[in-house]
Protein chains: 2
Amino acid sequence: MYRNRVTSRDVAKLAGVSRTTVSLVLNNVQGIQISPETRQKVIQAANELGYVPDATAQALVSRRTKAIGLVLTRTHHHIATDAFLPKIISGLLTTAKQHNIRILIDWVETEHQESAYFELARAKRIDGMILSTPRLNDSAIKALETADIPTVLMGSVAGSTLPFVDVDNVQAAEKAASYLLDLGHREIACISNAPPEYTAAPERVQGFRNAMARAGASVKERLVCFADFDPESGYRCMKSLLESGERFTAVFVASDNVAIGAKAALREAGLHIPGDISLIGFDDIPWAMYSDPPLTTIRLPAEALAQKACTLLLNLINGRENRQTNRIILETELIVRKSCKAIQ
Amino acid sequence: MYRNRVTSRDVAKLAGVSRTTVSLVLNNVQGIQISPETRQKVIQAANELGYVPDATAQALVSRRTKAIGLVLTRTHHHIATDAFLPKIISGLLTTAKQHNIRILIDWVETEHQESAYFELARAKRIDGMILSTPRLNDSAIKALETADIPTVLMGSVAGSTLPFVDVDNVQAAEKAASYLLDLGHREIACISNAPPEYTAAPERVQGFRNAMARAGASVKERLVCFADFDPESGYRCMKSLLESGERFTAVFVASDNVAIGAKAALREAGLHIPGDISLIGFDDIPWAMYSDPPLTTIRLPAEALAQKACTLLLNLINGRENRQTNRIILETELIVRKSCKAIQ
DNA sequence: ACGAGTTAGTAACACGTGTTAGCCAAGGAT
DNA sequence: ATCCTTGGCTAACACGTGTTACTAACTCGT
């Protein structure tokens, strides 16, 4: 099996035709005349030799690598504890596979942001990229907008004209808060999913505020806290809420992953869910339904988001879409489980 | 910014030298004489134009793509709910970045196994691959062993001579079971992490049996159940254990992810952890410590495994290692939390 | 018989890089 | 004066493919 590379030249030689013919036959080029017998000979020879075209050579000449990049922008630790990444990857993989495209994962350390984004595409390693949970400063946004690199954001960025795929975070958070309000809660705390630089975070908090205002409930500023993606930050936020001395009967946590930590803090404080405190999450990660009690949450269609992002990017790459006008918003859904209780 | 590609030819022209010189200077080729002034001119020109070498062209001529593949072999659903994937990816990313290597994720549907494994490497998309949680039939193993594709397994496969990175599953499971036995438990159930085709599953069960035998405790066959990676399967397994009518005071679950589901089933049955049943997991996923109660478990060094796998693969690719003799075993660690209680 | 059109296929270039063999001038040794 | 070395650089090939322009043979209508 230490066989040397099989090239199209070998196939041509075995089939007794030219390399051009091999290429025309195997790529099934339309509008060209090759006799059925020759076709057969070529296909036969290719199978016999186990010919697989060299992807790099194809990429060089066609100027398409048939690969897209998934660019992660967060810290090492946040990637390792991201409960959402598997769904995103699995969504990406299914759509990519349908189009015979590969996925390159890359990681841009925040330090060298602006330049690093381009290197992959400039080096022609990928045909386009998906930026996950972007947090961009203005110069980086502008650079990406004017650059000639098909880019799709997963999650939107304020003030950017880049195509993106996202949910309506404001509306989704309103749903969550309204649910708590409908259950009679008025003193509600809010823990964000991430620091305010990540657009989704202030949006979700805003949704919370909107619902509260509409119901005539006042928001205690000391009961609004910004977490940082992981359970640990949720734990810390909840601790600080409990220590604030403000009373609250329910908490909206804008991320299930953060809620896991928040829940642990409540437990440590001897508080029972939903008996003492109602808790609603956001995302519906796979573990939410197995939580104790099963976590009521807002379902984010993670795989669908990834799939849409992938299709959108492919359309962009193939020039089938106008890059200025592509913003896809998917629906969220309130999943009622058992972590919230009505106020008597 | 719609600037055309900048090639080494453009750099050469601007610097007033030949393309060869550009290549020699920028790649810092040793043992060749270029005057310092010329060097400076070339570097200056390259910076000015923002030259980035075309990766595909480099790959074509150097026969190195500078990319490795992470090949996932499980179902769509299992990938989406894999609590370990983020750590593996983050581990891979850090090591890969150090060596300026990219990571391509691919997914081999089980149907077309044997052939699909090779396509990536045969197409020269990657220089080598890491197979995660492999489950290979004999022909696939043989094919991989004799093929000329650097391959590293994450998790071992019985009867294979391929290089791998793994933990000592038997010993680790013994640790877990011994811990329960030391607490005085004798009637212990066992839920595997996966179906028996995945080598780690029978190994962990074997470790459980070893510890039981050594302690003179008998294993009730109806208390051994094989789960299937996700919480749902853990839920089902625990249900069937409870319905078996066999008495047990503790359960060893060979995967935290599975344990999440098992725990939910116990809760539904009105059983309390650790009051009624002691539960020990395996893996130490990020959510284990925030579980209620915090889950006692065996820590698997996921990121370290990924990093070792990556380094090993790179050594293999660069011919610095003998592919026949490379098996790396990392240590596991018992993490005592609060899900197990001594029998009175 | 002869030009026009079709059929079946090929030679040759392009993609952008790494690398080998070699060229030329200047200087030193014989 | 001739030969050899050495520093500094370049022409030319190779990597494996897609594609365009072109040719040679063959058919066909008049």
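Excluded from the calculations below are hydrogen atoms, water molecules and symmetry mates; all remaining heavy atoms, backbone and side chain alike, are included. Throughout, protein chains are lettered first and strands after them, A, B, ... in sequence-line order, and every chain is numbered starting at 1.
Residue-level contact check: A/V29 touches neither bases nor backbone, having no heavy atom under 4.0 Å from any strand. If you check every strand for non-hydrogen atoms under 4.0 Å, A/Q58 touches sugar and phosphate atoms only. Counting non-hydrogen atoms under 4.0 angstrom, B/I34 reaches the backbone sugars and phosphates but no base.
Remark: B/R63 is in phosphate contact with D/dG16, judged by side-chain N or O atoms under 4.0 Å from OP1 or OP2. The side chain of B/R19 places no N or O atom within less than 4.0 Å of a non-bridging phosphate oxygen (OP1 or OP2) of C/dG18. Put simply, B/T38 has a side-chain N or O that comes within less than 4.0 Å of OP1 or OP2 on D/dC9. Note on B/T21: a side-chain N or O is less than 4.0 Å away from OP1 or OP2 of D/dT10. At the phosphate of C/dT17, OP1 or OP2 sits under 4.0 Å from a side-chain N or O atom of B/S8. The side chain of B/T20 contributes no N or O atom lying less than 4.0 Å from OP1 or OP2 of D/dT10. The phosphate of D/dC9 (OP1 or OP2) has a side-chain N or O of B/S35 nearer than 4.0 angstrom. OP1 and OP2 of D/dG18 both lie 4.0 Å or more from every side-chain N or O belonging to A/S62.
A residue-by-residue look at B/A57 and A/L24 shows that A/L24 has its nearest nucleotide of DNA chain C further toward the 5' end.
Residue A/S23 has its side chain nearest to D/dG18 when only C/dA8, C/dC15, D/dG18 are considered. For B/S18, whose side chain is taken as the heavy atoms from C-beta onward, the closest listed nucleotide among D/dG16, D/dA11, C/dG9 is D/dA11.
For A/R39 and C/dA8, the CZ to C1' distance is 11 Å, given to the nearest whole Å. Straight-line distance from the CG atom of A/L60 to the P atom of D/dT17: 12 Å, rounded to whole Å. Spacing between atom CG of B/L26 and atom P of C/dT19 amounts to 13 Å, rounded to whole angstrom units. Note: CD (A/Q33) to C1' (D/dA24) measures 16 Å, nearest angstrom. C/dC15 atom P lies 11 Å from atom CZ of B/R5, rounded to whole Å. Summarising the geometry, the separation between CZ on B/R64 and P on D/dA14 is reported as 21 Å, rounded to the nearest angstrom. Atom-to-atom, NZ of A/K124 to C1' of C/dC15 comes out at 8 Å; the value is rounded to the nearest Å. Atom CD1 of A/I32 is separated from atom C1' of C/dT6 by 14 Å (rounded to the nearest Å).
Side-chain atoms of A/K41 and A/V25, non-hydrogen and from C-beta on, never get closer than 4.5 Å to each other. Counting heavy atoms from C-beta on, the side chains of B/V22 and B/V17 come closer than 4.5 Å.
Among residue pairs with one or both ends in residues 301-310 of chain A, those qualifying as side-chain hydrogen bond (donor to acceptor under 3.5 Å, both in side chains) are A/S90-A/E303, A/T94-A/Q307, A/E303-B/H76; sequence neighbours excluded.
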- Task: Apply the test salt bridge (charged side-chain N to carboxylate O under 4.0 Å, His left out) to residues A/R102 and B/D106: give CA-CA distance (whole Å), side-chain angles for both, the deciding distance (0.1 Å), then the verdict.
- Result: CA-CA 7 Å; A/R102 308 292 145 129; B/D106 202 21; 3.4 Å; yes
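Under the 3.5 Å distance criterion, with hydrogens and angles disregarded, no donor-acceptor pair is assigned to the side chains of B/T20 and B/S23.
For B/F164, there are no ring pair (Phe, Tyr, Trp, His ring centres under 6.0 Å) partners at least two apart in sequence or on another chain.
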